[in-house]
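Below: one structure, written as structure tokens.
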Protein chains: 2
Amino acid sequence: MQQAGTASSHSEYKSFFKNCNRLQFFFQKMLLLFVTATITMAEQKEITIYDIAKHLNISATTVSRGLKNHPTINKNTRRKIADAAKELGYRSNTFASSLRSKRTQTIGVIVPRLNSNFMSSVLAGMEDAASREHYNLIITQSLEKREKEKANAHTMYNKRVDGLLISLAYDTENISHLHPFFAKGIPVVFFDRTYNHSESTSVLIDNFKAAYEVTKHLLEQGCKRIMHLGGNMLRDVYSERLRGYKTALQDHKIPFDEKLIYISNLNEEAGSDAAKHILKMKPNKRPDGVFSANDTAAVHCMIHLKTAGIRIPEDIAFAGFNNDPISKVIEPNLTTVNYSGYHVGEVAVMNLIGHLKGLSSTKTTNRIVLRADLVVRESSLKNKSL
Amino acid sequence: MQQAGTASSHSEYKSFFKNCNRLQFFFQKMLLLFVTATITMAEQKEITIYDIAKHLNISATTVSRGLKNHPTINKNTRRKIADAAKELGYRSNTFASSLRSKRTQTIGVIVPRLNSNFMSSVLAGMEDAASREHYNLIITQSLEKREKEKANAHTMYNKRVDGLLISLAYDTENISHLHPFFAKGIPVVFFDRTYNHSESTSVLIDNFKAAYEVTKHLLEQGCKRIMHLGGNMLRDVYSERLRGYKTALQDHKIPFDEKLIYISNLNEEAGSDAAKHILKMKPNKRPDGVFSANDTAAVHCMIHLKTAGIRIPEDIAFAGFNNDPISKVIEPNLTTVNYSGYHVGEVAVMNLIGHLKGLSSTKTTNRIVLRADLVVRESSLKNKSL
DNA sequence: GACTTTTATGCAACCGATTGCAACATGAAG
DNA sequence: CTTCATGTTGCAATCGGTTGCATAAAAGTC
């Protein structure tokens, strides 16, 4: 391109100044300078399969096939092609390839927030699995806004991702923004914050069971009035945890008390606020146990209560969810639910790639439920008999 | 594709069974069924600019220009094109576009690990900034291995990212694997774990100064023997922190003692190990202050020492680095250095996009140094006069 | 009214890999 | 010696936008 431009301006100037020797000489010199500079600076031209073909005196078709080890190409030819590619410094052009083959080897990922401990583990797992299968990840965050989630989905759609992995934003009520994917048959896998949809798989943990186990554990420790710090109920993650809590109470014949449910966004501040809320209650109405739907809220609630002189677990036992690093730092150490975000990510990707390879259909596997284990630590041990 | 395949099997079967009417009839019926099913299931054909062009009786060129609001296209025409695009359900084909224009609107990101608190903030900042400028992020992790970093860089290169953002792996000594980028003039921006390279920008904090401030603070609290928990010295992040530590000692006329340097990978276990190391020292040889190059190691060192009966800060004062959430949970709260990963990510992306837009050259801006502030908490307050 | 400038649109050649089908060589079978 | 299977390779069309250059129409200038 650059060279073409140069050549044309060269002929132009030549015809224009053909009777002016002085100027012609000057311009010629300038031109030479310019061209030299251009060539020096210019990245050497991109090597294509055509260059390799010419170099080996074979067709581009053969090169294309040879490069991806197509079985109909002679092994010897294949080796020669590979060698030439390396020698010439060939790099494949993903676009040309994707344009023609309509496959992108790219998976779109939409998460509510990138900067959460759990989510970054999930992403690490995803990246690991995807990279093993030679897929790339395009990652975006919705910042918990349905509108941004929608915009992100649209970009992914335009970028022709082979599949989509999504954990829904807080305020996403319906998934109409994903319809284009379903319409085009692009597989969608939900993880963590899932949505029940007949045509796609969900990868999640058994939140109900884990919450049930936590609550049961607190009850067995002698708690009678357990408070629950819950998250947004639009997301089944949190509604399932609440359900597990309720069911455990019921099975232990403890009446459910609406006043002991505290819904928030479960961040640090919300944890402190919950503590203030507890302190405002009459001492005899206070809970003797707290089950928080995440560790952050639990820990910051504990910190606030401790400074107010509440003893943990003697006065109030605590249990969280996630097994966040802070749960091992707070004193007393926090009882929590451990589950591997890394594993969630890995499984979600493997499942998606399975669909893409046609190994499994999105319709048959509807949900994949991963293990989650109760980790008992001092924060919940009222009768110290671990 | 599907149709072509069908057609071929059709002719095959025809020649094969041409004298067997019964079977032929049966197969024809099957074929019809199959084709019908295929057509029903098939996603409706993709809409292209040519479809829009035909629909409006104008040329594809005009549509192409109209869609990206090229000023030479009449406003009225532009509107009509936009309307038609929406009506027909057009989605642009990024590949075709990238193939021709050689721009991808994609930035490659290589980080050592995705699942770290700091890194996920950085990514959040990057995603935010990139998304504002309509760029997408392809994110990979090197898992601290030079080999994987190299492979990732190569993929990015093939994927024709417009620019590269990279934080180097622990064991990366040279950046020969990035040469293709430099050779092609693709801008590279280092962040956090940087490398001094004449043709690219580095975004980082002033590790030297921050470490100096931390050490100075500990000295002012009366510490005489400050231990330093450091990281891999191949990375300037850690070597600069060590340098800041050393210089502060020197400025306060405290002799530098090689034995008080403890190098590790700074994870939880390394923190505990450092504590064990301290406990093994003769009491009069023990440090009276610890400056750790990250919070994780500091906190886990503290936990271990506390169980051994060491008082913090009375016996040993502590300071960390990062302002990790755990620093606010440990008791006593950890003095640390606060700096915004989010901001680092944002700045790195903005700078890269600046280069891409030709606003700034990679060569002029060599390093961007961001603020980092000492956050004093109880862990370092020997003379309680905050 | 002739001529230049501005504005708006279209032509056609790309970009680089993929793929259905044809074609060729070789050797085996009949 | 023909026929056919098998293994290799190439032709040429295709994917869907982009862009330099030409052109046509409208507006402005003298």
Side-chain angles (χ1 to χ4, degrees), chain A residues 1-9 11-12 45-54 56-81 85 88 90-105 158-160, chain B residues 1-12 15-16 45-54 56-81 85 88-105 158-160:
Chain A
M1 219 165 73
Q2 223 120 353
Q3 286 174 336
T6 311
S8 109
S9 65
S11 72
E12 248 177 68
K45 192 184 150 290
E46 243 2 291
I47 302 296
T48 71
I49 52 168
Y50 298 102
D51 298 318
I52 299 180
K54 207 172 293 167
L56 294 176
N57 247 324
I58 55 179
S59 78
T61 307
T62 307
V63 176
S64 172
R65 295 201 176 112
L67 284 172
K68 40 182 41 86
N69 285 314
H70 198 284
T72 71
I73 303 297
N74 186 296
K75 273 197 179 162
N76 205 18
T77 316
R78 245 137 76 180
R79 207 184 30 68
K80 269 194 260 172
I81 293 173
L88 299 178
Y90 167 77
R91 64 164 169 166
S92 76
N93 188 319
T94 335
F95 307 122
S97 166
S98 293
L99 173 59
R100 183 63 225 252
S101 67
K102 299 185 180 304
R103 259 175 279 111
T104 67
Q105 294 291 321
N158 274 353
K159 284 249 169 185
R160 305 286 205 278
Chain B
M1 223 165 64
Q2 223 121 351
Q3 289 175 334
T6 310
S8 108
S9 64
H10 180 249
S11 70
E12 248 177 68
S15 62
F16 192 73
K45 194 184 149 289
E46 241 5 288
I47 301 296
T48 71
I49 52 168
Y50 298 101
D51 297 318
I52 299 180
K54 206 171 295 168
L56 294 177
N57 248 326
I58 55 179
S59 79
T61 306
T62 308
V63 176
S64 173
R65 295 200 176 112
L67 284 172
K68 41 182 40 89
N69 285 315
H70 199 282
T72 71
I73 302 296
N74 187 296
K75 273 197 179 164
N76 206 16
T77 317
R78 248 139 71 180
R79 208 185 30 69
K80 269 195 257 171
I81 293 172
L88 300 177
Y90 168 78
R91 62 164 170 168
S92 76
N93 188 320
T94 335
F95 307 122
S97 165
S98 294
L99 174 59
R100 183 64 225 253
S101 66
K102 298 184 180 306
R103 259 175 280 109
T104 67
Q105 294 291 319
N158 275 352
K159 283 249 169 183
R160 304 287 204 278

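Throughout, protein chains are lettered first and strands after them, A, B, ... in sequence-line order, and every chain is numbered starting at 1.
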Of A/Val63, A/Asn93, A/Ile81, the one forming a side chain to side chain contact (heavy atoms under 4.5 Å, CB included) with A/Ile49 is A/Val63

### Task
Have a look at B/Arg103 and say if it touches a base, only the backbone sugar-phosphate, or nothing, with a 4.0 Å heavy-atom cut-off.
sugar-phosphate

Winner on side-chain proximity to B/Ile49, out of C/dC15, D/dG17, C/dA17, is D/dG17

Picking from D/dG16, D/dT18, C/dT18, the nucleotide nearest the side-chain atoms of B/Ser101 would be D/dT18

Round to the nearest Å and state the distance from [X] atom [atom1] to [N] atom [atom2].
X: B/Leu99; N: D/dG16; atom1: CG; atom2: C1'; answer: 9 Å
X: A/Ile81; N: C/dT18; atom1: CD1; atom2: P; answer: 12 Å
X: B/Asn158; N: C/dG16; atom1: CG; atom2: C1'; answer: 13 Å
X: B/Leu67; N: D/dG16; atom1: CG; atom2: P; answer: 15 Å
X: B/Ile47; N: D/dG17; atom1: CD1; atom2: C1'; answer: 15 Å
X: A/Arg78; N: D/dG7; atom1: CZ; atom2: P; answer: 13 Å
X: A/Ile52; N: C/dT18; atom1: CD1; atom2: P; answer: 11 Å
X: B/Phe95; N: C/dA17; atom1: CZ; atom2: C1'; answer: 13 Å

*Would you tell me if any nitrogen or oxygen in the side chain of A/Ser64 comes within less than 4.0 Å of OP1 or OP2 on C/dA17?*
no

Check your understanding: With respect to the phosphate group of D/dT18, does any side-chain polar atom (N or O) of B/Lys68 fall under 4.0 Å of OP1 or OP2?
Key -> yes

Minimal heavy-atom distance between A/Ala85 and A/Leu67, with the atoms involved, is CB-CD2, 4.1 Å

Smallest heavy-atom separation, A/Ser98 atom then A/Arg103 atom, equals OG-O, 3.0 Å

Next on the checklist: Just so I know, are the side chains of A/Asn76 and A/Arg79 near enough to count as touching, which here means a heavy-atom distance under 4.5 Å?
Outcome noted: yes

(message) Measuring only between side-chain heavy atoms, which start at C-beta, is A/Arg160 closer than 4.5 Å to A/Lys102?
(response) no

Here the gap from A/Thr62 atom OG1 to A/Lys80 atom NZ, rounded to the nearest 0.5 Å, amounts to 11.0 Å

To the nearest 0.5 Å, atom OG1 of A/Thr104 lies from atom NZ of B/Lys159 at 6.0 Å

With sugar-phosphate taken as primed atoms, P, OP1 and OP2 and all else as base, the protein-contact string of nucleotides 9-14 of chain D at under 4.0 Å (heavy atoms; B, S, -) is BBBBBB

